[in-house]
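Notes follow once the structure below has been shown.
Side-chain atoms are counted along with the backbone in the values below, which use heavy atoms only and exclude waters and symmetry mates.
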Amino acid sequence: MQVVSISSLKGGVGKTSVTTGLASAALAAGIPTLVVDLDPHADATTALGVLAGDQLDIGRMLKSPRRAKLADNVAGSSWTARAHTNGSGPAVLDVAVGSAYTGIYDRPDLGRRDLRRLSTVLAGADRYDLVLIDCPPSLNGLTRMAWSASDKVALVAEPGLFSVAGTERTMRAIQLFKQEFAPNLSPAGIVANRVRTGSSEHTYRLAEMESMFGDLLLSPRIPEQANWQQIQGAAHPVHHWPGESAKSSAALFDALLANLLATGSGLRNRTQR
């Protein structure tokens with residue numbers, strides 16, 4: 001099982017869109033996957049088509065992690081009804097449901113015991129080959145709790161000045177967190193999202209990111225897609241949305257997922273630049 005945090009210091013860069021795009025690719029590939037919606041806004045839960053039930057949300061599982069029964073409290077994504085996998089078995093895409101309740105842990109003063117809460121909950125995630133954690137856009141307690149439970153961290157950034165600067169700060173934060181709390185954690189790389197190919201500013205910033213981060217900048221880049229909000233609003237996987245634009249995006253997320261899962265351990269350390 002690989003546990004990957006999808007993080008960003010800056011809001012509005014499409015972090016949840018990348019999470020759900022990767023989840024769609026994993027579902028299409030037949031990879032049993034759990035999405036942990038750790039953002040108090042719970043947008044990933046909505047986008048994955050989860051209906052409210054009597055299961056515990058992730059915030060309440062974190063409250064009593066040793067007693068939380070993850071397998072009894074995950075909710076199935078409605079996407080599985082549309083899935084046509086590679087024949088490896090029944091489609092599995094489950095969600096640890098997000099809620100505003102997780103906000104009580106999103107503070108900067110969590111101790112080591114609190115940082116292990118999500119790791120304890122995920123001890124019951126052995127039916128999955130992949131866990132994607134959608135983190136809130138901050139470096140407070142919830143993100144650090146996710147990093148503590150993860151093998152890798154993928155950062156999402158737009159090719160803009162403030163996003164690039166925030167990514168550099170986040171890379172340094174990952175290095176410090178790795179040294180103090182999570183020696184096995186590795187940066188899986190940086191996803192350039194919402195790229196406008198005709199924008200000279202985006203071209204300049206992408207070249208800047210390549211210079212700053214080198215092989216940590218993952219490929220392919222994810223272009224801005226006009227109908228992405230429509231796809232998410234319909235709680236639909238991009239792999240089963242009609243049209244050439246969605247088909248192209250699905251192929252990009254297939255490639256991004258493969259590259260994301262293949263990276264991490266061998267990357268050069270560029271976080272101290």
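- In this structure, the side chain of Thr45 does not engage the main chain of Val97 through any donor-acceptor pair within 3.5 Å.
- With hydrogens and angles ignored, the 3.5 Å screen pairs a side-chain donor or acceptor of Arg117 with a backbone N or O of Leu62.
- Within the model, atoms OG1 of Thr167 and CZ of Phe213 stand 5.5 Å from one another, a figure rounded to the nearest 0.5 Å.
- The shortest side-chain heavy-atom distance between Asp254 and His239 falls under the 4.5 Å cut-off.
- Ile222 CD1 to Ser17 OG: the interatomic distance, rounded to the nearest 0.5 Å, is 10.5 Å.
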- Message: Quick one, Leu216 with Met171, criterion side chain to side chain contact (heavy atoms under 4.5 Å, CB included). Give me CA distance, side-chain angles, the key distance, then yes/no.
- Response: CA-CA 10 Å; Leu216 286 173; Met171 291 299 298; 3.5 Å; yes
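- Hydrophobic clustering of Ile, Leu, Val, Met, Phe, Trp and Tyr side chains at less than 4.5 Å, counting indirect connections, unites Leu38 with Ile104.
- With Thr80 contributing its side chain and Ser77 its backbone, the two residues share a donor-acceptor pair below 3.5 Å.
- In this structure, Ser150 contributes its side chain and Val153 its backbone to no donor-acceptor pair below 3.5 Å.
- Applying the 6.0 Å contact sphere to CG of Leu51 captures no more than 12 heavy atoms from other residues, nucleotides or ligands.
- A cation-pi arrangement is found for Arg60 relative to Tyr101, the charged atom lying closer than 6.0 Å to the ring centre and inside a 45° cone about the ring normal.
- One distance of note links CZ of Arg116 with CG of Leu122; it measures 14.5 Å at 0.5 Å rounding.
- Annotation: the span from Thr143 atom OG1 to Asp39 atom CG amounts to 8.5 Å, rounded to 0.5 Å.
- For the 3.5 Å distance criterion, the side chains of Asp43 and Thr16 fail to qualify, holding no donor opposite an acceptor.
- In this structure, Arg205 and Leu161 have side chains that are in contact, with non-hydrogen atoms separated by less than 4.5 Å.
- Listed for the Thr33 side chain is a donor-acceptor partner under 3.5 Å among the backbone atoms of Ile31.
- Counting heavy atoms from C-beta on, the side chains of Ser186 and Asp151 never come closer than 4.5 Å.
- Rounding to the nearest 0.5 Å gives a distance of 10.5 Å between OG1 of Thr197 and CG of Leu206.
- Put simply, the side chain of Leu118 reaches to within 4.5 Å of the side chain of Ile58, judged on heavy atoms.
- Between Arg196 and Glu224, the shortest heavy-atom distance links the atoms CD-OE1, 3.1 Å.
- In Arg66, the CZ atom is not crowded: 12 or fewer heavy atoms of neighbouring residues, nucleotides or ligands sit closer than 6.0 Å.
- Between Lys247 and Glu244, the closest side-chain pair of non-hydrogen atoms falls below 4.5 Å.
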- Are Val36 and Val3 close enough, and set up right, to give a side chain to side chain contact (heavy atoms under 4.5 Å, CB included), and what steps lead you there? CA-CA 10 Å; Val36 179; Val3 182; over 6 Å; no
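- Considering every non-hydrogen atom in both Asn259 and Ser219, the closest pair reads ND2-O, 2.5 Å.
- When every heavy atom of Gly141 is checked against every heavy atom of Leu110, the shortest pair comes out as CA-CD1, 3.5 Å.
- A donor-acceptor pair is defined here as one N or O able to donate and one able to accept, closer than 3.5 Å; no such pair exists between the side chain of Ser148 and the backbone of Arg144.
- The closest donor-acceptor contact from the side chain of Ser24 to the backbone of Pro237 lies at 3.5 Å or more, if one exists at all.
- Proximity of Leu142 to Cys135: side-chain heavy atoms (C-beta onward) are nowhere separated by under 4.5 Å.
- Under the 4.5 Å side-chain criterion, counting only non-hydrogen atoms from C-beta, Leu155 is in contact with Ile174.
- More than 12 heavy atoms of other residues, nucleotides or ligands lie within 6.0 Å of NZ in Lys178, so this atom counts as buried by the packing criterion.
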- Would you please test Trp241 and Asn227 for side chain to side chain contact (heavy atoms under 4.5 Å, CB included) and show each step? CA-CA 10 Å; Trp241 192 261; Asn227 63 348; 3.5 Å; yes
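- Nearest heavy-atom pair, Ala44 versus Asp37, reported as atom, atom and distance to 0.1 Å: N-OD2, 3.5 Å.
- Between Ser99 and Ala42, the shortest heavy-atom contact is N-CB, 4.0 Å.
- Put simply, the side chain of Asp114 reaches to within 4.5 Å of the side chain of Arg107, judged on heavy atoms.
- Aromatic rings of Trp228 and Phe253 (six-membered ring for Trp) have centroids within the 6.0 Å cut-off, being under it.
- Closest approach of Lys152 to Leu261, counting heavy atoms only: NZ-O, 2.8 Å.
- The hydrophobic cluster containing Met1 also contains Val121, counting ILVMFWY residues as joined when their side-chain heavy atoms lie under 4.5 angstrom apart, directly or transitively.
- Between Met209 atom CE and Glu168 atom CD the span is 11.0 Å, to the nearest 0.5 Å.
- Checking Leu34, Val95, Leu93 one by one against Val74, the side-chain contact (heavy atoms from CB on, under 4.5 Å) holds for a single residue, Leu34.
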- Message: Set out, in order, the CA-CA distance, both residues' side-chain angles and the distance that settles side chain to side chain contact (heavy atoms under 4.5 Å, CB included) for Trp79 and Thr20, then state yes or no.
- Response: CA-CA 11 Å; Trp79 292 7; Thr20 55; 3.9 Å; yes
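- Counted within 6.0 Å of CZ on Phe162, heavy atoms from surrounding residues, nucleotides or ligands total 12 or fewer; the atom is thus considered open.
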